[in-house]
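What follows is one structure encoded as structure tokens, with my remarks underneath.
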2 protein chains.
Amino acid sequence: MDDLTEMLKGTLEGCVLEIIGSEETYGYAITRQLNELGFADVVEGTVYTILLRLERNGLVQVAKRPSGVGPPRKFYALNDAGREELAKFWAKWQYLSSRINRLKEGGRWVTSAGVVY
Amino acid sequence: MDDLTEMLKGTLEGCVLEIIGSEETYGYAITRQLNELGFADVVEGTVYTILLRLERNGLVQVAKRPSGVGPPRKFYALNDAGREELAKFWAKWQYLSSRINRLKEGGRWVTSAGVVY
DNA sequence: CTCCACTACTCGGTGATACCGTGTACTGGT
DNA sequence: ACCAGTACACGGTATCACCGAGTAGTGGAG
């Protein structure tokens, strides 16, 4: 697949929020999970910048724990603000994707009042 | 709706390509059409920068024509490169949106080989 | 006739984001 | 002793949508 970086802007952070929201986890594992999910070209550096941003914006709770197979891991979990942000992300995604798919299908549709655009 | 600007990155240009592809048109009208389609906060300045970029990248064919109700209009139509770019855009959109929706639905699915991720 | 609204395009600068490369550091196997 | 895999941080870059101001043409209200 072609380069997706521009299209990922604004959505990748939401994906990371979703992953953290479903399970407390850490950067390296999030990167691997994203790769498995089809976001093949996302690399660690990108994920870490997102995680630092989430932390700076107060959307996550952080806990450092030893690993056993390498350096200590920073585990992330959503707090209330993070869950709210995640809900807003999915609302935006729903809004945007419905409109884009409508445009794709010809950009015409009928409202409840029968108005055709 | 909240601010969509970050999420629009990489997709708004594709939307403009789609609009131009379905009908030869000009910047001001494209902006109005996007607003009607639900991209309410997109303003003219944004659309014009996209159009200039498309022109610079050789994806469109341009024709200036008098208007009758204002300054002359610059009409845009896709050329072969533009149609190819549009096809790539929809392929990327399809790829990305399917993966994001999968993540939204729990991030688990079964391949044709029966492997569960 | 003058002002204003609407139409229509251009351009320099800003902020946000994903990406790149490099560096640091811990563990275990050869 | 070396190297691969794990794990995180950070400075710099490119791209993109957006903002604001400017320039112009037409037509209607006062």
Side-chain angles (χ1 to χ4, degrees), chain A residues 1-17 20 25-35 39-57 59-60 62-76 85 89 92 96 100, chain B residues 1-17 20 25-35 39-57 59-60 62-76 85 89 92 96 100:
Chain A
M1 174 56 52
D2 252 47
D3 189 29
L4 289 176
T5 66
E6 289 310 321
M7 216 179 259
L8 278 174
K9 291 193 178 170
T11 63
L12 191 56
E13 179 179 314
C15 294
V16 171
L17 276 174
I20 295 173
T25 181
Y26 57 98
Y28 191 82
I30 293 171
T31 309
R32 292 292 88 80
Q33 200 171 338
L34 283 169
N35 294 151
F39 304 90
D41 297 335
V42 174
V43 293
E44 292 154 43
T46 300
V47 174
Y48 290 122
T49 54
I50 291 175
L51 291 172
L52 292 173
R53 192 164 66 230
L54 295 178
E55 189 175 356
R56 196 174 63 237
N57 293 347
L59 302 175
V60 288
V62 188
K64 198 167 212 166
R65 304 212 189 95
S67 155
V69 299
R73 296 164 173 165
K74 277 179 73 178
F75 282 85
Y76 293 84
E85 188 66 24
F89 166 72
K92 286 202 272 187
L96 181 66
I100 293 194
Chain B
M1 175 56 52
D2 252 47
D3 190 29
L4 289 176
T5 66
E6 289 311 321
M7 214 179 260
L8 278 174
K9 293 200 175 162
T11 64
L12 192 55
E13 179 178 315
C15 293
V16 171
L17 276 174
I20 295 173
T25 180
Y26 57 99
Y28 191 82
I30 293 171
T31 309
R32 292 292 87 81
Q33 200 171 339
L34 284 169
N35 295 151
F39 304 90
D41 297 334
V42 174
V43 293
E44 293 154 42
T46 301
V47 174
Y48 289 122
T49 54
I50 290 174
L51 290 172
L52 292 174
R53 191 164 66 231
L54 294 178
E55 190 177 353
R56 195 174 61 238
N57 294 348
L59 303 175
V60 289
V62 188
K64 197 168 211 167
R65 304 212 189 95
S67 156
V69 300
R73 296 164 173 164
K74 277 179 74 178
F75 282 85
Y76 293 84
E85 187 66 24
F89 165 71
K92 286 202 272 188
L96 181 66
I100 292 194

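For clarity, every value in this text was computed on a predicted model and none was experimentally measured. Letters go in sequence order (proteins before strands), and every chain restarts at 1.
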(request) Report, as a single string ordered 5' to 3', how protein heavy atoms within less than 4.0 Å touch nucleotides 14-23 of chain C: B base, S sugar-phosphate only, - not at all. (result) -BBBSBS---

(message) If I take atom CD from residue B:Glu85 and atom CG from residue B:Asn57, how far apart are they, to the nearest 0.5 angstrom?
(response) 8.0 Å

(message) Reading DNA chain D in the 5' to 3' direction, which nucleotide is the first one with an atom under 4.0 Å from a heavy atom of chain A, and which is the last?
(response) D:dT6 to D:dC16

(request) Please list, chain by chain and in numerical order, all residues satisfying side chain to side chain contact (heavy atoms under 4.5 Å, CB included) with A:Tyr48, sequence neighbours excluded. (result) A:Tyr28, A:Glu44, A:Leu51

For nucleotides 5-9 of chain C, tabulate all protein N/O to nucleotide N/O atom pairs closer than 3.5 Å, reporting atom names and distance.
residue	atom	partner	partner atom	Å
C:dT7	OP2	B:Tyr28	OH	2.4
C:dT7	O5'	B:Tyr28	OH	3.2
C:dA8	OP1	B:Ser67	OG	3.2
C:dA8	OP1	B:Arg73	NE	2.3
C:dA8	OP1	B:Arg73	NH2	2.2
C:dA8	OP2	B:Tyr26	OH	3.1
C:dC9	OP1	B:Lys74	N	2.7
C:dC9	OP2	B:Gly27	N	3.4
C:dC9	OP2	B:Tyr28	N	2.8
C:dC9	OP2	B:Tyr48	OH	2.7

(request) Could you tell me the separation between the NZ atom of B:Lys64 and the OH atom of B:Tyr26, rounded to the nearest 0.5 Å? (result) 14.5 Å

(request) For B:Val69, enumerate each residue passing the side chain to side chain contact (heavy atoms under 4.5 Å, CB included) test, keeping only those at least two apart in sequence or located in another chain. (result) B:Ser67, B:Arg73

(request) Applying side chain to side chain contact (heavy atoms under 4.5 Å, CB included), name anything that partners A:Arg65, two or more places apart in sequence or on another chain. (result) A:Glu24, A:Ala63, A:Phe75

(request) Quick one: closest heavy-atom pair of A:Cys15 and A:Leu34, and the distance? (result) CB-CD2, 4.3 Å

(message) Using the side chain to side chain contact (heavy atoms under 4.5 Å, CB included) criterion, which residues pair with A:Thr49? Sequence neighbours excluded.
(response) none

(request) Could you note down all residue pairs passing side chain to side chain donor-acceptor pair (under 3.5 Å) where residues 4-14 of chain A supplies at least one of them, sequence neighbours left out? (result) A:Asp3-A:Thr5, A:Glu6-A:Lys9, A:Glu13-A:Arg53

(request) Find the distance between CZ (B:Phe39) and CD1 (B:Ile30) and round it off to the nearest 0.5 Å. (result) 13.0 Å

(request) Enter the distance from B:Leu52:CG to B:Lys74:NZ here, rounded to the nearest 0.5 Å. (result) 5.5 Å

